[in-house]
Amino acid sequence: MDQQQTKTRGVADIVFLIDVSGSMAPAIDALKSNIGTFVESLSKGEGNNVSPVRDWRAKAVGYRDFDHDANPFIDNPFVTNVEALRGQLAGLTAEGGEDEPESLLDALFKVANMGQTEKGAQSLDATKWRYRSDAARVVVVFTDASFKPAMSIPEAKGGGVQDITNAIINNRIILSLFAPDMPGYDELSQIDKSEWEAISYPGLNPQEALVKFTGDQANFKNTLRQLAASVSKSAETVAL
């Protein structure tokens, strides 16, 4: 077991799952501009007794409304350098999704169930998670909208939060939500190991609140450092 623990420490697969409906442009730009801070912090292991993540892969995935948008899910392969990740973020265009809510549950289901590289495989598959005990799996959500309570994708039609809870637990995923202060996100945050930053300011609607949250450069950099420390901590513990 000790040998296994040594082997898996400091390894993480990270998905940035981003609402790319029309109002999200400022938040996507802020992520694109500051993703270097996250990666640098991750690689250094900044924070209280946090070990660096020596081996990470990440990707940016966009989602909209699966019922109304022509292109509701924008997937990308896992990449291993910050320039490639920034390029993926730059490729996400905030458009569509005129009406709330969006299809977060559908997107989460697809990401959770992307499959995994076989145990002991010689090379990694950039379209799948690493084998379950080889890396921490983290999904980071950024959104300014509510989500539909029922899924519409064929493989999970009619399913809801309970199905997502099962998918996240079964696939050993750690969920980190940057989302409005709404009951649905409170429900998702109850999933084991999940974290939720409820973004809300007096007098601002959820869209304005996320713009303010991501627009405060110093504060947002600090948020990304804290996120990196949280990912690092997850990567220190072995998923069996």
Side-chain angles (χ1 to χ4, degrees), residues 14-33 35 58-79 84-115 126-129 138-165 167-168 171 173 175-185 187-188 196-199 204-215:
I14 306 148
V15 177
F16 286 91
L17 183 58
I18 302 163
D19 173 348
V20 288
S21 54
S23 56
M24 287 292 294
I28 295 168
D29 284 344
L31 260 176
K32 191 173 63 190
S33 303
I35 199 69
K59 66 174 183 166
V61 177
Y63 73 93
R64 298 186 177 97
D65 184 328
F66 277 68
D67 292 321
H68 299 295
D69 283 286
N71 192 12
F73 189 71
I74 299 90
D75 202 2
N76 279 302
F78 280 111
V79 292
L85 183 56
R86 195 178 285 120
Q88 288 185 357
L89 288 164
L92 296 177
T93 308
E95 62 188 16
E98 297 308 320
D99 59 328
E100 281 196 69
E102 306 302 343
S103 301
L104 172 62
L105 297 187
D106 301 71
L108 272 174
F109 191 89
K110 284 172 108 45
V111 165
N113 292 297
M114 73 173 96
T127 66
K128 294 178 178 176
W129 296 108
V138 181
V139 176
V140 184
V141 174
F142 279 89
T143 180
D144 62 5
S146 57
F147 59 82
K148 297 186 173 197
M151 291 184 271
S152 59
I153 48 172
E155 61 267 39
K157 199 165 180 60
V161 169
Q162 188 53 56
D163 299 273
I164 292 302
T165 301
I168 286 172
N171 290 291
I173 288 162
L175 187 61
S176 186
L177 300 160
F178 292 87
D181 191 355
M182 294 174 176
Y185 294 106
E187 210 177 338
L188 286 175
W196 173 37
E197 174 96 36
I199 296 165
L204 298 186
N205 67 32
Q207 289 74 35
E208 294 163 342
L210 189 64
V211 170
K212 181 177 168 73
F213 180 79
T214 55

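Note that the structure is predicted; figures quoted are calculated from it, not measured. These values consider heavy atoms only, across backbone and side chains, with no hydrogens, waters or symmetry-generated copies.
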Distance-minimising heavy-atom pair for [X] and [Y]:
X: V111; Y: W129; answer: O-NE1, 3.1 Å
X: D19; Y: E102; answer: OD2-CG, 3.9 Å
X: L85; Y: A58; answer: CD2-CB, 3.8 Å
X: A27; Y: T214; answer: CA-OG1, 3.7 Å

Worksheet item: Pick one: which of D144, L204, N205 meets side-chain contact (heavy atoms from CB on, under 4.5 Å) with L210?
Response: D144

If only atom types and distance count, is the side chain of [X] paired as donor or acceptor with the main-chain N or O of [Y] below 3.5 Å?
X: D69; Y: F66; answer: no
X: W196; Y: D181; answer: no
X: S176; Y: V140; answer: no
X: Q88; Y: A60; answer: yes
X: D106; Y: I153; answer: yes
X: R64; Y: E95; answer: yes

Any heavy-atom pair between the side chains of [Y] and [X] that's under 4.5 Å?
X: I199; Y: P206; answer: no
X: L92; Y: M24; answer: no
X: S103; Y: F147; answer: no
X: F78; Y: M114; answer: yes
X: Y63; Y: L108; answer: no
X: L17; Y: L104; answer: yes
X: L175; Y: V141; answer: yes
X: L105; Y: V161; answer: yes

[X] side, atom [atom1]; [Y] side, atom [atom2] - distance, nearest 0.5 Å:
X: L89; Y: K59; atom1: CG; atom2: NZ; result: 13.0 Å
X: I164; Y: N113; atom1: CD1; atom2: CG; result: 8.0 Å
X: I168; Y: L188; atom1: CD1; atom2: CG; result: 6.5 Å
X: I28; Y: T93; atom1: CD1; atom2: OG1; result: 7.5 Å

Discussion item. Between Y185 and T143, does the side chain to side chain contact (heavy atoms under 4.5 Å, CB included) criterion hold? Intermediate values first, please.
Written reply: CA-CA 10 Å; Y185 294 106; T143 180; 3.3 Å; yes

Fill in: side chain to side chain donor-acceptor pair (under 3.5 Å) partner of E100, chosen from S21, S23, S146
S146

Fill in: Lys/Arg-Asp/Glu bridge criterion (N-O < 4.0 Å) met for D65, K148
yes

Worksheet item: So is K110 actually on top of F73's ring, under 6.0 Å and inside 45° of the axis?
Response: yes

